[in-house]
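Below: one structure, written as C-alpha cells.
Just so we're on the same page: letters track the sequence lines, and every chain starts at 1. Treat the numbers as computed from the prediction; the structure is a model and nothing was measured.
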Amino acid sequence: MLQTLSQPPSRNLAEHLLAWYDRHHRELPWRVSPAAAKAGKRADPYHIWLSEVMLQQTTVQAVKPYFAKFLTLWPTVGELAAGPVEDVMAAWAGLGYYARARNLKKCADAVATLHGGVFPDTEDGLRSLPGIGDYTSAAVAAIAFNRQAAVMDGNVERVISRLYAIDSPLPGSKPTMKAKVALLTPADRPGDFAQAMMDLGATICTPKRPACALCPLREDCLAFAEHDPERFPVKAKKKDRPVRLGAAFVAVTPEGEVLLRRRVETGLLGGMTEVPTTAWTARIDGGDTAEHAPFEAAWEPCGTIIHVFTHFELRLAVFRARTEKSPADGWWEPVENLEAQALPTVMKKVITQALPLAFAKNPN
DNA sequence: AACGCGGGGAT
DNA sequence: ATCCCAGCGTT
C-alpha cells in the first residue's frame, strides 16, 4: 500500500479508470470492447472516423441509425469516395451540421487519392484532413491507432473541470484542461482511456445530478470534496436567441410533383434541398406574406411552423397551391420521391404542414 | 477569441 | 424554457 500511495496520483487514476471501463463500458456499434481487443480484434479506422465525425455535437442515440445506414451504403472509405456527394448529403439529411457531410466526402476523397485509401495513423496526419480537428484527430489516433493522444470533448471537459475544481470559465480554460488530460493519458491503452473518460462523463459525471456515489474517481475529485460538482464546468454565459420570420411555398402539380430548389453550398443548410421561401428576416413587411412567392398562383395559407436553430428561432408561414408546372428555379419532384431527397428537418416540417401525408409510408 | 452551424433528448 | 451533446471552419 505504501508503494501505491507513493506513486504519482495520475498513474493511479488512469489505471483505476481503466479497471472501471473494463467492467462498465458501453457497447457501441463502432467500438471494440476490451475483451475483444485482448483477443486480437482491432478497431477499423474507417468505422472510428465515421462514427467520430457523426458524433461531433451529436448524441450516440442519434448517430446509431445513421452509422448503420452509411456502412450499408458505403462499406469502405474507398466506396464512399467513389460515390456522388449528393448521395452523401441525402443520407446525412436529418443529422444536422451539414458541413460535416461535405467534409466527410472531401476527407474520403483525400484518403483515397492522397493516401492510397489508407487513413494516416498519426494525430498530425489526421488533423490535416477536412472535417478533422483537435478532438477527432486525437480520438482516431488514440482509438484506431493506439497513439498516446490527449482526447478532450465536452464529456472530458466536465470530468476534468470537476476533478481539479477548475474555476476559470470555458472556453478559456480549455488549454489548461487539455494539459491535465495529457498528463493523465497512459501510453498503454490510450484509446480505452479516452473512451473511458467519455463514458464516465456520459453515464456518471453527468451535467445534472451526477452519480458521484458510483464514480471510480470520487476519492480524487476536488468538486466532490466541495460537495457541489454541478458548479463545474464554469462557462461564459451565451447570448439569447432572436426570432426570424419568413414564408415557405409548397407548389403541387396535378401529377403530384413538388417544386424544390437547392440551397447554396455555404452557410446555413448549405447544399441541402428546400422548397422556395422568402428571405428569413426579423420582420415581415406588411401583412401579405405570399407576395414573394416563386410565381403567381392561388396561394392558400396553411399554418405556421416553428423550427429552432442553434442561434435563431425560425417561424415560417406555409402556403400551398395547386398549379401547372410554372417557370421557376429548381425542379419538380414526385411526392413519393421526397423521402430520398436531401431535405433538412425544417423543410420536412414545412412540406408536412402543407401535405400531411407527404412522408407517410403509403401516401394516399 | 468569437461566431455560425442542426436537431433532438433530458431536465 | 434551458442545457447539452465524442466540434469544426471561418473571420
**Residue pairs passing the ring-ring contact (aromatic ring centres under 6.0 Å, His included) test where at least one lies in residues 252-275 of chain A, sequence neighbours excluded** = none
**Item:** Span that lies between the C1' atom of B/dC3 and that of C/dA6, in whole angstrom
**Value:** 22 Å
**Message:** For a quick check, with a 4.0 angstrom heavy-atom cut-off, what is the B/S/- contact string for nucleotides 2-9 of chain C, read 5' to 3'?
**Reply:** --SBBBSS
**Prompt:** Do side-chain atoms of A/Arg241 reach the backbone of A/Glu313 as a donor and acceptor pair under 3.5 angstrom?
**Reply:** no
**Message:** What is the first contacted nucleotide of DNA chain B and what is the last, in 5' to 3' order, if contact means an atom lying under 4.0 angstrom from a heavy atom of chain A?
**Reply:** B/dC3 to B/dG8
**Request:** In whole angstrom, give me the gap between the P atoms of C/dC8 and B/dG8.
**Result:** 22 Å
**Fill in**
Ranking A/Ala99 and A/Lys239 by the position along DNA chain B of their nearest nucleotide, the one closer to 5' is A/Lys239
Could you tabulate the donor-acceptor pairs under 3.5 Å formed by side-chain atoms of residues 111-128 of chain A, not counting sequence neighbours?
unit_1	atom_1	unit_2	atom_2	d
A/Thr113	OG1	A/Asp109	O	2.9
A/Asp121	OD1	A/Arg147	NH2	3.4
A/Asp121	OD2	A/Arg147	NH2	3.4
A/Thr122	OG1	A/Gly125	N	3.0
A/Arg127	NE	A/Asp134	OD1	2.9
A/Arg127	NH2	A/Asp134	OD1	3.4
A/Ser128	OG	A/Gly125	O	2.7

**Residues which pass side-chain hydrogen bond (donor to acceptor under 3.5 Å, both in side chains) with A/Lys348, listed by chain and number, not counting sequence neighbours** = A/Glu339
**Item:** Along DNA chain B (nearest heavy atom to each residue), the more 5'-positioned of A/Pro171 and A/Tyr98
**Value:** A/Pro171
**Prompt:** For residues 234-264 of chain A, which residue pairs qualify under ring-ring contact (aromatic ring centres under 6.0 Å, His included), counting only residues two or more places apart or in two chains?
**Reply:** A/Phe249-A/Trp299, A/Phe249-A/Phe319
**Asked** What residues, two or more places apart in sequence or in another chain, satisfy side-chain contact (heavy atoms from CB on, under 4.5 Å) together with A/Leu71?
**Response** A/Tyr46, A/His47, A/Leu50, A/Phe67
**Message:** Starting from A/Phe232 and following side-chain heavy-atom contacts under 4.5 Å between hydrophobic residues (I, L, V, M, F, W, Y), which residues can be reached?
**Reply:** A/Val234
**Asked** Under 4.0 angstrom, heavy atoms only, what part of the nucleic acid is A/Thr345 near: base, sugar-phosphate, or nothing?
**Response** sugar-phosphate
**Message:** Applying side-chain hydrogen bond (donor to acceptor under 3.5 Å, both in side chains), can you list everything that pairs with A/Trp331, at least two apart in sequence or on another chain?
**Reply:** A/Glu333
**Message:** So A/Leu269, base contact, sugar-phosphate only, or nothing? Heavy-atom distance under 4.0 Å.
**Reply:** sugar-phosphate
